[in-house]
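To find a chain, count down the sequence lines: A is the first, B the second, and so on, and within it residues start at 1.
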Amino acid sequence: GQQLNQSPQSMFIQEGEDVSMNCTSSSIFNTWLWYKQDPGEGPVLLIALYKAGELTSNGRLTAQFGITRKDSFLNISASIPSDVGIYFCAGVYTGANSKLTFGKGITLSVRP
Amino acid sequence: DAGVTQSPTHLIKTRGQQVTLRCSPISGHKSVSWYQQVLGQGPQFIFQYYEKEERGRGNFPDRFSARQFPNYSSELNVNALLLGDSALYLCASSLGGRRTDTQYFGPGTRLTVL
């Protein structure tokens, strides 16, 4: 089945630093999504990518859909304390029985 | 505008019992999906409903069932609860039934099975 790999499990950065997160898959996806989840909340969509090679920004966040369609990255620039949370990548392949598949998530901690 | 709402927020059950979780989608959204999120993992897809019809089912046993009502709200039922069913159950709504439609998540229902 489709699996998404996110590592490391946790990242610790200093406030103001940039951070990059990678997500890889054994299968191709037609859509890549990045979500952030705060404690006690559901995931919130940050960025959606629909075409291979696409580079999209949302404020301090930038994400890219890999050319091979098997990977994506998310970059956060000039981190702030409210960036703390769990970041999930998710992918969709629009074939039969397709579904939204999530990675295990990366917990980001930002030191003031 | 109200987002996706779920009830109850927390629930404690014992093994063998049955549970019903409820979800109201964003106004105008016709599709509801259910996910199970075990601690330390990403959400796992359980069901998707669109216009009251099941559109997709994940790899979960038949103890899990769901339905969607004419007002597009949805219920997830789990029978014969096991300890391993303890998780955060998330509901997500989207405008249509396409896989690529943006899904908006509710805050979830935290189910604890003792």
*Taking all non-hydrogen atoms of both residues, which atom of A/Phe88 and which atom of B/Gln37 are closest, and how far apart?*
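Closest pair (atom of A/Phe88, atom of B/Gln37, distance): CZ-NE2, 3.3 Å.
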
*asked:* If I compare all heavy atoms of B/Thr102 with all of A/Tyr50, which pair ends up nearest, and what's the gap?
replied: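 Taking every non-hydrogen atom into account, OG1-OH, 3.8 Å.
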
*Among B/Gly40, B/Gly42, B/Pro43, residue most engaged with chain A (heavy-atom pairs, under 4.5 Å)*: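 Ranked by heavy-atom pairs under 4.5 Å with chain A, first place is B/Pro43.
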
Are [Y] and [X] co-members of a hydrophobic cluster defined by side-chain heavy atoms under 4.5 Å apart?
X: B/Phe60; Y: B/Leu90; result: no
X: B/Val19; Y: B/Val32; result: yes
X: A/Ile13; Y: A/Ile106; result: yes

*When you look at CG of B/Leu39, are more than 12 heavy atoms from neighbouring residues, nucleotides or ligands closer to it than 6.0 Å?*
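Counting other residues, nucleotides and ligands, CG of B/Leu39 stays at 12 neighbours or fewer.
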
*Would the number of heavy atoms belonging to other residues, nucleotides or ligands and lying under 6.0 Å from NZ of B/Lys13 be above 12?*
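Above 12, so yes.
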
*asked:* Using 0.5 Å steps for rounding, measure from the OG1 atom of A/Thr101 to the CD atom of B/Gln44.
replied: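 Between A/Thr101 OG1 and B/Gln44 CD, I get 8.0 Å after rounding to 0.5 Å.
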
*Run through B/Tyr104, B/Tyr35, B/Phe105 and flag the one making a side-chain contact (heavy atoms from CB on, under 4.5 Å) with A/Pro43.*
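The passing option is B/Phe105.
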
*Check each atom of A/Gln37 against the heavy atoms of chain B and say whether the ones under 4.5 Å are side chain, backbone, both or neither.*
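The side chain, not the backbone.
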
